[in-house]
Every structure is written in structure tokens, then in C-alpha cells.
Colleague: 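If you scroll down you'll find the structure; I have some questions about it.
Positions are given from 1 along the sequence.
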Amino acid sequence: MESVPKASLLSSIVELADIFGPAPVTSTHVSADPWDIPASGDVTFDLFAKPPQPTEQLEHESSQAPSSIKPNSPVDLDLFGDLIPSTKQNGVKNTDVFDLAGLGDSLTDTDKERKDCKTPESFLGPTASSLVNLDSLVVAPATLKTHNPFLSGVYSIHKAHQVLGLLQNDGKRVRKDEPHKKCGTQETRTVFLRGGPAMATGGKSSQSSIHRYTNRLINEKSPYLLQHAHNPVDWYPWGQEAFDKSKKENKLIFLSVGYSTCHWCHVMEQESFKSKEIGKILNDNFVCIKVDREERPDVDKVYMTFVQATSSGGGWPMSVWLTPDLKPFVGGTYFPPEDGIYQVGFRTVLLRIADQWKQNKNALLENSQRIMSALLARAEIGIKGEDSPPPFPEVMARCFQQLSESYDEEYGGFSEFPKFPTPVNLNFLFTYWTLHRASPNGARALQMVLHTLKMMAYGGIHDHIAQGFHRYSTDQRWHVPHFEKMLYDQGQLAVAYARAFQISGDEFFADVAADILLYVSRDLSDRAGGFYSAEDADSYPTAKSKEKREGAFCVWTAEEIRRLLPEPLEGVSERKTLADVFMHHYGIKEGGNVSPAKDPHQELRGQNVLIVQYSLELTAARFGLGLEQLKTMLVKSRERLCEARGHRPRPHLDTKMLASWNGLMISGFAQSGAILGKEEYVCRAGLAADFLRGHLFDASSGRLLRSCYRGKGSSVEQSAVPIQGFLEDYVFVIQALFDLYEASLNQSWLEWAVQLQRKQDELFWDSKGFAYFSSEAGDSSLLLRLKDDQDGVEPSANSVAVANLLRAACYSGNMEWVEKAGQILAAFSERLLKIPVALPEMARATVAFHRTLKQVVICGAPEGEDTKDLLRCVHSVFAPNKVLMLADGDSTGFLYHHLPFLSSLERKDGKATAYLCENFACSLPVTSSQELRRLLLL
């Protein structure tokens, strides 16, 4: 492709500013928002002009934001909740957003301005800086003073053992040495884990309404699209009908992208898309298309790339205006309905765009073409010249340094606020620890990840009543969350907590993993075996409420707690009740424990979000209770609150089932089952894999499908035109099948994984630039074919693909897959060397590539106790760069067919025997778990 000058994109975007007139007189400030035009017509409008500094009142947490300001409107945040650093130079926006060297140089810039974070749905996309909390990447002090009640005095960051065992969990112990239980028949496997009432529904509630409008979205299956089926907006789904209408009527396209549990998507719908007046403006002037980003991540990524490249920010709802040939020319995120101090209103934006299309159509078309040409040139990722896979010591050391410098010593995590769980960071630190077990850096890596996991589990981001984790925390302490619960978080966090138990032996982590899996089994499981996508943050406070509120299902007043837990304590000198104990332990206050700064719309006024405020030992001492007595009280109290919560109106449940997220959850159940010795978890993973094969796989073509949906009468339905799977569907499902094989030793999962890997290569591999594209070729409606270049709340597909290819090669003997893994690493070499913190999952894959995976082969009868003993040993050791296989003597099976060397391995003295092999050459045989453990730790 012809090279595009760096200034081309900038000039194209800046020229767009000239098409807009002065802002309404109500808006008197200069803003980075392209629609916020200065009031004076004599002022030259700078599209990227810097907004005024927030007032001192807005900067202080203790103050209330003026009612005319939307303090939670989208701003520039990265995927980890950090503000994206400014990219302006000399007052002009630097649009060379794909310049890796510039991003690398920003590591040393510690003087960037921090702003109060105000956007829930923002994320870091491929065109923004990928660094975690860039402005805090400085050398961390060796000690700190802390306000954390679990850390007393001065806390040494080099002593990993100090973070272990801070609290004993008050739930049931989960032990890996418990006897395995058989799955039983297919019928018995449909009985999921039980524990309390279901916590979510398909969105139905007692609040009924008569619909005045119905549009085309009523025929869709996506819960998000169905939420908008009764808007006065004449919505179209993404498709040829809408495209043809736009061209025939010469109308611009308004593209709105979101997802069903997106809080700000709900806000914009209530304010704008349900407005009859705004609906008329949209219908008269635009062809309106609504897209579920979870259904169509390909469409979302194309236009999010544009939005971030032209505004340095992004998030959902995403609002983009396209020409009839689908080329974007301007976009943003959330718009309030009317003009305000900090943002031009949606109605004004629509009228201006419609007018400019009539008056300056040719200029808009020309500029949109120039912008897309620049984006096409700068979005390319591939091997340049003699690029080779980067050396893993350098990549690992730099990634650890960047994470370490952004680490929050007091509360864990890698930013001040908001805080996302980001399991990719935790998994990297686990792997780094295995390479440096005896060093101070290794101890620090382990301390960082275990402390983060503990603080998350104690915090309000963890649902202490009905289990599972909310999406992220709005504050430093993991206290006040954004209350939606996402399947992808549950799957990844289950693995992280199980691994923490595997490494530390602390059953606290095992209990949290079991807690997550209980939540998913009860609330996010379809009867057919699949997993639903998400549970909403918003719900009706009561059955009589007219409006939903965020967190209403999860929060408590002190009065409610006292009413539910009135029993007096016996044998205690003070006159205290069970409520007093519970309120003390979980930080409940009479007037509520949510800071007004974290509740700008006062939805949580007087409410409490449960957070473990004190250790069990401190709470027991405060009330003169025995430790076991206190544990019993807290369990009883939580059960009572769970029962009470079950009578509240349920949050909306997104019953869409995605192949990719189901893959992540299968890995969660499979790995947790293997590590914790819970056969029922492995059975649940197998049931979900059967579901994928039955409902999200086309056996005739060998392709995965993207999504299916819960239908009427517990049926599973497909769209009229099924959506084909994307790269992320393949990589997460393949990863899940490998994990499931290692947990179950059922070779059919290996066979399917290898089959899908071949299909993935066929559909997505870039034979010229190498690495995988995110979507297939051949869709004329997609303007860009992208490759994700960063790990976020989910690891990027290419990062996971590296490990999958190496595992596939070990199981199949196909060494071409090792070569492909190296080519992916080479394609991302520059990024891995300069800012590996953007790709921590791929960074740790460099170790597996250069060191080669160890093949742990157990020769023995599957049901033999000596075989099971060796398998338990393998699962008890965290050794990330290994694959496990059982050589059971069946020469007709998949493994013996593809790996002839297995036939030469024998049992020693008739006992189950373990071999540690590299590149298909094996060590001397061992028969005891002690000897095997020693080999695994080498």
C-alpha cells in the first residue's frame, strides 16, 4: 500500500472543524469535543483544543458536581481505567497514534496531567496508548505507610509471604485432595451447582408498559437490539437493507454501537432514543443502524479505530456518522440530549450534521476518504524486514518493570481508579515468578498478584452475598463497583484464583474460585449447557419503582441490615446484635458508605456497598467472639441477605451465548477443576463444550458460529442468518479444548481443537504480513481488516494464538505451527520490546516459544490409583510452559496416531510412569509423585 504522510490524517480531521458554525450561546468554553464550538464566530475552532481545567470543586471527592454537568460523561480512559495521556503537541493533536516509538518514549514522561476519571464504559483501543497508568510508571518505594486495615505499619514489598493468610475465609474449605466424583450420565450432568435463588432474569420485571413504537429490531435475537425495538427511532440492524436505503435516499448513516448491560447505553436510550423529537430528527435525516458490539466485534473495532484515532478516546455507546459508502467522517461516544456546559447536545449535533451534508456534501466525502486512507496505512501490523521473535528475557524484564512501577502498593492493582481486574497482568506475574522464584523481583511479582487478588476479594467489586465479580471498581480500594457482571471476567478470574491457590496453598483463593463458579453455575448457565453473557448493573429498586438505578439489586441501607439481623449476641457484655457484627465487618454506615464523588447522580445515597473492612480476627476481638463463632454468624447473615435480595426485582440478564466467552468460561471450570480436584467442575466444562459443538459449530463447514440465544421454553435459537465466528471465537475455544483435555484426558477434545486450529489458519492467517486478522476476508461492508495489538480485559486473540499454536504442535507433531507462533511474535516484535505491558499475555508466550514446552507424559491406566496420583501431582504444580498427555496404550487413539514416540514409552515395573519430554526426547522415567514434582520445578 502506498505510504501516507503523517500529516495527512491530521489535516483531514482538522478540516472537518470548518464545516461547523458557532456553538449555542449556552456553551462558552473550548472543548476537545469536535461539536463543542466556541461561541464567538471570530474564534478559529481547534478540533483538538484543550478543555479548561476542572474547577477545584470538581476535583475534590468531597464536593458535589453542579447539576448542569454530566460528571460521568465519557472521557479518555484506557482499558484499565486510566486516563489516556494527552497526545497534543503545541496545541495541536498528534494523530500519529500508531507510532510505537512515541508510545515507548512516553514511558519516561512522568509529568502528565491527571484528571478525575469520569467514564464507565471507556476502554483502550488499538489506536491509543496501551500503557497501564503511564503517569505512575516511576520507581516504587520499597516501603510505604498505609491506610489499608489489612496492612499495618510499614509494609515491605519484597516479602511475598506477608500477603499470604491475612484473612481466613469464612466459607467452606475447598481441598484438592477430596475424592473425585464421577460425572454420571448426560442427564445427571445437567444438574448444576446450587446455592441460593437465581440472581438474574432475561430482563422482565413487574414494570409493564404499552409500546407505542415497534421497529425492525423486533425481529432480531440480540438482547441489546431488542432493548431498542420499541424506540421511536427507525432502527435497522447492520446489513444490506440499511446500506441500500442510505444510497437510494442519499442519506447519511447514524451508527450506534453498544451492548445490553452498558450503563451509559441505557442512559442515552432513555434521554435521546426514546425521545419522539430526537427520533423524528434521526428518521428524517439519517438511516439509523444499531449494532451489538458483542455480536459484531468486527464492526465495532473498525469504527472504534476511527473514533480513537480522531479523538484519542473511545467507549460505549459509540456514535459514528457514515457516508452512504460506510466511510466514517465524525464520531464520539455518549451525547447528552441537550446542550450543556461541557458538551454540545445530541439534538444540536444531529441538526448540524444534517445541514452540513446538504451544504458541503463533497467536502465531507473527500475528507472521509482521506481519513480512511490514512487509517488503512497506519493500521497495518506485520513483519518488517528481518524482524524475528524478540528475546524473552528482555521482554519479560521490561514488562515486569512497567507493571511494577504502576502497581498500587496499598490496595493492589495497577492504577489509582477506576480499577479493572485485568487477569492478563496477573497471569504474566505468575509466569514471571516461575522464572525468578529465588530473586527479590520474583518475590515481588508474587506479592503483587496475591495481594491484588486478596484486595479484590475483600472489596465491593466482589459480590459478598451472591458471589461473582462486578466489572470494575470506580475507586482505589476496589469498593464501589460498576455493578454489571461479565462472563469473561468470571472465567478468567476463576483461573487466576485457582492458580493463586495452586502456588500459595492458601485455601482463601480456592474458596474465591469456588465462589465464582457457583455464581456462574447458578446465574449465568443455560439449561442446555451454555453460558450467558452478562448481568446488568441497573435494576428497579422495588417492584413499584418507575426507574432503574445502578446497583439497586446489590446495595443495602443500615436500616435493612438491622431489620434482617436483629438477634442479640449472647454471652457478650455489650448489648449488641448480629447486625452490629455484620455492619462492623463489612463497613456498613448509618448514612451509607458511598462517597458522593463516586455517586454523581445520587443513585447510591444512603446505601452501602459491602466491603470486608476488618480481618476475622479483629472483628472477633472487637465483639469478644470466638473465631468459629464469628464465621458461623457471618455465613448465617449472608444467607439471610441473599434470601432478602432474591425478592428484589432482578437485573436484566443478557442471554446471548458467545463462542469466545463460553471458551473462557470452559477454561475457568476445567482449570479450576483440575487444580482443586473438583470433578464436577470438569464435568461442567465438558457439558459446555458439548453445547458449543451442538449449537455454535457447523460440522459441514468446520466453522464456529459467533452466537446463539435463549429462546422460548428453554430452547436455543439462532439468528435467521447466523453470524460466523471471529478469530477470538476460535482462539478462546481452542484454548478451552486444550484445557479441557488436560483436565479430563478425553482425546476427542484434542481432535476438535486441532481441527479448529487448521480452520483458523485457513480463515484468518495473513500470509504476507503474518499473524492473524480479527475477521475473515470477503465482507465488503468492513472497511478495515484489523489485528488486535493489545491485551485488555480479555487477552488479544493473537496473544492466545501463540500459546495455542505451541500446544497444538506438541499434541499433533505439526512443527509448522511452531513456525507460525514465531512469526506472530516477530510481527509484534517492536511493540513487545518497547511497551510489552500492552501485551502481557503475548510477553509471557515468548518464554514458551524460546524455551519450548515441556511434554509431561503419564503412562498408565486412566482409572489406576497410581496414575491418578501422578496426575494430581502435575495439577498441583504451577508450571505454565508444559502440556500434559496420558499415554494409555490405545494405539488407535489421536495421540498415538500423531506422536509415534509415545509407543516407545513404557511403564516402569508395571507402575504408572511419568516422562518429561522436550522436542519429543524424554527424560528418565519416574514413578513417584515426589520425583515428578522435582522434575516439574526444574
Colleague: For this output row, return yes or no: ring centroids of F420 and Y472 closer than 6.0 angstrom.
Modeller: yes
Colleague: Going by the rule side chain to side chain contact (heavy atoms under 4.5 Å, CB included), which residues pair with A803 if we only count those two or more places apart in sequence or in a different chain?
Modeller: none
Colleague: R499: what forms a salt bridge (Lys or Arg N to Asp or Glu O under 4.0 Å) with it, not counting sequence neighbours?
Modeller: none
Colleague: Going by the rule side chain to side chain contact (heavy atoms under 4.5 Å, CB included), which residues pair with C873 if we only count those two or more places apart in sequence or in a different chain?
Modeller: S929, L932, R933
Colleague: Could I get the full list of ring pair (Phe, Tyr, Trp, His ring centres under 6.0 Å) partners for F770, not counting sequence neighbours?
Modeller: none
Colleague: For E918, look at atom CD and say whether over 12 heavy atoms of other residues, nucleotides or ligands are found less than 6.0 Å away.
Modeller: yes
Colleague: The criterion is salt bridge (Lys or Arg N to Asp or Glu O under 4.0 Å); which residues satisfy it with E751, sequence neighbours excluded?
Modeller: none
Colleague: Once ring pair (Phe, Tyr, Trp, His ring centres under 6.0 Å) is applied, do any residues pair with F849, and if so which ones, sequence neighbours excluded?
Modeller: none
Colleague: For residues 429-439, pull every pair meeting side-chain hydrogen bond (donor to acceptor under 3.5 Å, both in side chains), keeping only residues two or more places apart or in separate chains.
Modeller: T431-R844
Colleague: Checking the side chain of Q490 only, and the main-chain atoms of F469 only, is there a donor and an acceptor separated by less than 3.5 Å?
Modeller: yes
Colleague: For D408, what residues pass the side chain to side chain donor-acceptor pair (under 3.5 Å) criterion, not counting sequence neighbours?
Modeller: K419, Q476
Colleague: Check side chain to side chain contact (heavy atoms under 4.5 Å, CB included) between N746 and all other residues, then give those that pass, not counting sequence neighbours.
Modeller: S744, S748, W749
Colleague: Using the six-membered ring wherever Trp is involved, compare the ring planes of F738 and Y811 and label them parallel, tilted or perpendicular (cut-offs 30° and 60°).
Modeller: parallel
Colleague: Is a side-chain donor-acceptor pair under 3.5 Å present for S660 with R706?
Modeller: yes
Colleague: Do Q735 and N804 pair up side chain to side chain, a donor and an acceptor below 3.5 Å, judged on atom types alone?
Modeller: no
Colleague: Can you list everything that forms a ring pair (Phe, Tyr, Trp, His ring centres under 6.0 Å) with F894? Sequence neighbours excluded, please.
Modeller: H898
Colleague: Under the ring pair (Phe, Tyr, Trp, His ring centres under 6.0 Å) test, which residues partner H897, sequence neighbours left out?
Modeller: none
Colleague: Evaluate R444 against S404 for side-chain hydrogen bond (donor to acceptor under 3.5 Å, both in side chains), listing each step before the verdict.
Modeller: CA-CA 8 Å; R444 174 167 169 77; S404 180; 2.6 Å; yes
Colleague: Under the side-chain hydrogen bond (donor to acceptor under 3.5 Å, both in side chains) rule, what pairs show up with a residue in residues 760-773, not counting sequence neighbours?
Modeller: Q757-D761, Q757-Y772, K759-E762, D761-Y772, D761-W817, D766-K787
